[in-house]
Amino acid sequence: MSKRVHVVAAVIRNAEQEILLALRPSDKHMGGLWEFPGGKCEAGESPQQALIRELHEELGGIAIENPQPLIQVRHDYPDLHVLLDVYEVLSFNGVAHGAEGQQVRWVAPDLLADYQFPAANRTIVSAAQLPRQYLITPEQLNTEQLYTGVEQALEQGCGLLQLRAAHLLEAEYKALARRLQELCAGGVHSSCLKVI
């Protein structure tokens, strides 16, 4: 197996929560596909240092602030093995543009499926579409405590719910799940919360 190439990428969100994509030049590996901006780590660089450098080179005068780790992806192409360290960027200064002549575009997260990405980026697409808050219910609470806790989490902006309550009888669990689905389906939370 050839050496694994260490790459950094960024899911950059603007104030409207759109995500910045860049079109890979046709003369590069996976040319003509969309990607999350970034590039290779150079010897001696930390992933964050590489991310800052790459985004400045690719996107012009953009200066990112406080990038946060989002996901790490290992992917093996037939001709290339990559390790992707992906960061989420919620704050930046400057205006992003294709400093190397590449096309860039701000895209709503729910429209990412309309774009073709390299295979290694598909996991990043899924991660970028997840809500920022994800609640996994704690064990050993009764049904009313669980329901009240979910209500509070919704009010605090929770966007995904995993109901774990193995201690409940099957009938209690199903009844609670139905109540939570009704709660999630009503009001402002209907489009952003799923019970899984």
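Residues Leu146 and Pro138 come closest through the heavy atom pair CD2-O, 3.7 Å. Here the shortest heavy-atom pairing between Glu54 and Gly38 reads OE1-O, 3.5 Å. For the pair His75 and Arg4, the tightest heavy-atom approach, listed with the atom from each and the gap, is O-NH1, 3.6 Å. For the residue pair Gly60 and Ala99, the shortest heavy atom distance occurs at N-CB, 3.4 Å. Nearest heavy-atom pair, Ala50 versus Glu45, reported as atom, atom and distance to 0.1 Å: CB-OE1, 3.4 Å. A pairwise comparison of heavy atoms in Gly32 and Leu23 identifies O-CD1, 3.5 Å as the closest pair.
Partners of Phe117 according to the ring pair (Phe, Tyr, Trp, His ring centres under 6.0 Å) rule, which considers only residues two or more places apart in sequence or in another chain, are Phe36. The side chain to side chain donor-acceptor pair (under 3.5 Å) check on Asn93 picks up Glu65, with sequence neighbours excluded. Scanning for ring pair (Phe, Tyr, Trp, His ring centres under 6.0 Å) contacts around Tyr147 gives an empty result, with sequence neighbours left out. Listed by chain and residue number, Arg13, Arg132 satisfy the side chain to side chain donor-acceptor pair (under 3.5 Å) test with Glu88 (two or more places apart in sequence, or in another chain). Checked against side chain to side chain donor-acceptor pair (under 3.5 Å), Gln156 has no partners two or more places apart in sequence or in another chain.
Counting heavy atoms from C-beta on, the side chains of Tyr87 and Leu70 never come closer than 4.5 Å. Between Thr123 and Val86 there is no side-chain heavy-atom pair separated by less than 4.5 Å. Taking the side chain as every heavy atom from C-beta outward, Leu183 and Glu151 approach each other to under 4.5 Å. Within the 4.5 Å cutoff, no side-chain heavy atoms of Trp106 are placed close to those of Glu16.
Taken from CZ in Arg122 to CD in Gln116, the straight-line distance is 9.0 Å, to the nearest 0.5 Å. The structure places CG of Leu20 at 10.5 Å from CD of Glu35, a figure rounded to the nearest 0.5 Å. The distance from atom CG of Asp85 to atom CG of Leu83, rounded to the nearest 0.5 Å, is 5.0 Å. Remark: Leu180 CG to Thr137 OG1 distance equals 8.5 Å, nearest 0.5 Å. Residue Gln140 holds its CD atom at 13.5 Å from CZ of Arg164, rounded to the nearest 0.5 Å. Rounding to the nearest 0.5 angstrom, the gap separating the CG atom in Leu51 from the CD1 atom in Ile64 is 4.0 Å.
Listed by chain and number, the hydrophobic cluster partners of Leu90 come to none, as no ILVMFWY side chain reaches under 4.5 Å of it.
Checked by atom type and distance alone, the side chain of His81 never pairs as donor or acceptor with a backbone atom of Arg74 at under 3.5 Å. Remark: the backbone N or O of Asn142 is paired with a side-chain donor or acceptor of Gln145 at under 3.5 angstrom. Of the possible donor and acceptor atoms, one in the side chain of Gln102 sits under 3.5 Å from a partner among the backbone N and O of Glu100. Using modelled atom types, one side-chain atom of Tyr77 and one backbone atom of Ala120 make a donor-acceptor pair closer than 3.5 Å.
The cluster map of Ile, Leu, Val, Met, Phe, Trp and Tyr, joined by side-chain heavy atoms under 4.5 Å apart, puts Leu135 and Leu176 in the same cluster. Connection of Ile124 to Val8 is not established within any shared hydrophobic cluster, with ILVMFWY side chains joined at heavy-atom distances below 4.5 Å, either directly or through further cluster members. Following chains of ILVMFWY side-chain contacts shorter than 4.5 Å, one cannot reach Val95 starting from Val104, and the two form parts of different hydrophobic clusters. If you chain together hydrophobic residues whose side chains sit under 4.5 Å apart, Leu59 and Val11 never meet in one group. Transitive grouping of hydrophobic side chains (ILVMFWY, heavy atoms separated by less than 4.5 Å) keeps Val125 and Ile12 in distinct clusters.
In summary, Arg179 and Glu144 engage in a salt bridge, as defined by a charged side-chain N under 4.0 Å from a carboxylate O. Ion pairing between Arg178 and Glu182 fails under the 4.0 Å rule for side-chain N and carboxylate O.
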Dump the intermediate steps for side-chain contact (heavy atoms from CB on, under 4.5 Å) on Trp34 and Leu112, then the final yes or no. CA-CA 10 Å; Trp34 291 90; Leu112 291 175; over 6 Å; no
Determine, step by step, whether Asn121 and Leu84 satisfy the side-chain contact (heavy atoms from CB on, under 4.5 Å) criterion, reporting the C-alpha distance in whole Å, the side-chain angles of both residues, the deciding distance to 0.1 Å, and the verdict. CA-CA 9 Å; Asn121 281 222; Leu84 275 157; 4.3 Å; yes
